[in-house]
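Below, each value reflects all heavy atoms present in this structure, side chains not excepted, and no hydrogens, waters or symmetry copies. Fair warning: this is a prediction, and the values are worked out from it, not measured in the lab.
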There are 2 protein chains.
Amino acid sequence: MTSTEPVQRRTRQRAEIRDAVEASQAFATSQEIHDRLRHSGSTVGLATVYRALQAMAAGGEVDTIRTPDGQVAYRTCTPGHHHHLVCRGCGKTVEIDLPGLESQTRAIAREYGFAEIDHEVEFFGTCADCTAG
Amino acid sequence: MTSTEPVQRRTRQRAEIRDAVEASQAFATSQEIHDRLRHSGSTVGLATVYRALQAMAAGGEVDTIRTPDGQVAYRTCTPGHHHHLVCRGCGKTVEIDLPGLESQTRAIAREYGFAEIDHEVEFFGTCADCTAG
DNA sequence: ATCTTCATGACAATCATTCTCATCGCGTCC
DNA sequence: GGACGCGATGAGAATGATTGTCATGAAGAT
C-alpha cells in the first residue's frame, strides 16, 4: 500500500475551513461554510471551500450526506461507522447505530451476487424543538 | 379529505413517458428517458419529461432514488414499501426488503424525540455480470 | 534563500433542473 | 359536433450547485 497520494499541505484556509466545520453541530454545505467564513472576515474563495471539504471527506475526516434537495453537506463526526438522524428544521444531527444492518447487507449481497456493496442510509425527521416551535 | 388536486390529464406524452419508464428494468433519469423517447421518434420536450416523472413520483406510480452523483432517477416498482440494490455498472435493480428496519426507525425516533421520520436507504454494488465483464 | 509543486482565488464553464410563456389539446358541458 | 376552460406542452432562458481554468501565492524540502 504505497501511498501515491500527494501530501496535503497545511494552509491557513484549510485550517479555517476545518474549524468552521467542527464548530457546527449540524451538517453544512460548502456554500454555508463559505458564507460563515466570509462573514467572520475570512477571504477564502468558494472553490477552495469546495475542494477542501471534498479532500477532507475523501480522507475520512468529515462525513457527508446528500440533503433531500440534492446538496452535499459535511459534518465532523465520531470515528467509526454510523448513520445519521437529521432534523429537517434546524439540521441538528444525531449519530445512530444500526445493529444488524451490516450483516443484513452482506447477506443481501451474497444472495444476489452483488459485490462491493455500499449503503446510503440516512434518516430525516423533525426534532422536538422544531416540532414545538 | 377533499382532494383539491387538479385532475391529471391523459396526454400522448405522458403515455409515452410511462411506457418508457416501464420498459426499463433499471432506474433512469429524466434525461435518459427523454433521450430514449427522442431516439425512437417522439417529440416530447425535456421539461415535459421532468414534469411528468415528478408527477408520477408524487402519485406513487414510480419510485425515485438519487444516484451517487446526485441525479434523480425513476423506476416502476412493485407496490409496497421496499428498498433497492442498484448495480453501479449497468443499473440493474433488485427490490429488497429490510425486515426490522421500520421498527428500529420508530424506536430511534422515540428515543431522540424526532417526529415524522423519513428514511433514505439504498444499496449500491456491482452485479455478477458487471463483475465478470 | 531557493525551488518545486500543490493550493488558492476570481471567474468562466458545466450540467441538472426549473421557470416562463405562448400555444395546444384533454375533458366537459351544451 | 362544437365551443370552452384550464391543465399540459415545448422551446428556450434562467437558476443554482458544482467543477474547471489559469495565473499567482506560499508550504515544505534542500
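- Contacts of A:A57 classified as side-chain contact (heavy atoms from CB on, under 4.5 Å), with partners at least two apart in sequence or in another chain: A:V62, A:T64, A:Y74.
- Remark: A:T29 engages A:Q31, A:E32, A:Q71, A:A73 in a side-chain contact (heavy atoms from CB on, under 4.5 Å) (not counting sequence neighbours).
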In the 5'-to-3' direction, what one-character label does each nucleotide of nucleotides 13-24 of chain C receive under the scheme B = base within less than 4.0 Å of a protein heavy atom, S = sugar-phosphate only, - = no such atom?
-> ---SBBBB----
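- Each end of the helix from C:dA1-D:dT30 to C:dC30-D:dG1 gets its own axis, taken as the rotation carrying the C1' atoms of four end pairs onto the next four within a five-pair window, and the two axes meet at 30° to the nearest 10 degrees.
- If you take CZ of A:R38 and P of C:dG9, they are 8 Å apart, rounded to a whole angstrom.
- Among residues two or more places apart in sequence or in another chain, the side-chain contact (heavy atoms from CB on, under 4.5 Å) test is passed with B:A15 by none.
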Check residues 123-133 of chain B and write down every donor-acceptor pair under 3.5 Å in which the side-chain atom is one partner and the other belongs to a residue at least two apart or another chain.
unit_1 : atom_1 : unit_2 : atom_2 : d
B:T131 : OG1    : B:C127 : O      : 3.0

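- Of the side-chain N and O atoms in B:R12, none sit less than 4.0 angstrom from OP1 or OP2 of D:dA8.
- Considering only residues two or more places apart in sequence or on other chains, A:R75 meets the salt bridge (Lys or Arg N to Asp or Glu O under 4.0 Å) condition with A:E95.
- OP1 and OP2 of C:dA7 both lie 4.0 Å or more from every side-chain N or O belonging to A:Q13.
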Could you list the protein-to-nucleotides 27-30 of chain C atom pairs, N/O on both sides, closer than 3.5 Å?
unit_1 : atom_1 : unit_2 : atom_2 : d
C:dG27 : OP1    : B:R10  : N      : 3.4

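- A donor-acceptor distance shorter than 3.5 angstrom exists from the side chain of B:T93 to the backbone of B:G91, with no hydrogens or angles considered.
- Across the protein-nucleic acid pair, A:I33 atom CD1 and D:dT18 atom C1' stand 16 Å apart, rounded to whole Å.
- When atom types are taken as modelled, the side chain of A:H82 and the backbone of A:I96 share no donor-acceptor pair closer than 3.5 angstrom.
- One interatomic measurement links the two molecules: NE2 of B:H34 to C1' of D:dT9, which rounds to 12 Å at whole-angstrom precision.
- Identified under the salt bridge (Lys or Arg N to Asp or Glu O under 4.0 Å) test for residues 33-42 of chain B, with sequence neighbours left out: none.
- Here the P atom of nucleotide D:dA17 and the CG atom of A:L53 are 15 Å apart, to the nearest Å.
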For residues 100-117 of chain B, dump all side-chain donor-acceptor pairs below 3.5 Å to protein atoms at least two apart in sequence or in another chain.
unit_1 : atom_1 : unit_2 : atom_2 : d
B:E102 : OE2    : B:H81  : NE2    : 3.1
B:S103 : OG     : B:G100 : O      : 3.0
B:T105 : OG1    : B:L101 : O      : 2.7

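- Applying the salt bridge (Lys or Arg N to Asp or Glu O under 4.0 Å) definition to pairs two or more places apart or across chains, those involving residues 16-26 of chain A are A:R12-A:E16, A:R18-A:E61.
- Screening residues 34-54 of chain A for ring-ring contact (aromatic ring centres under 6.0 Å, His included), with sequence neighbours left out, gives no hits.
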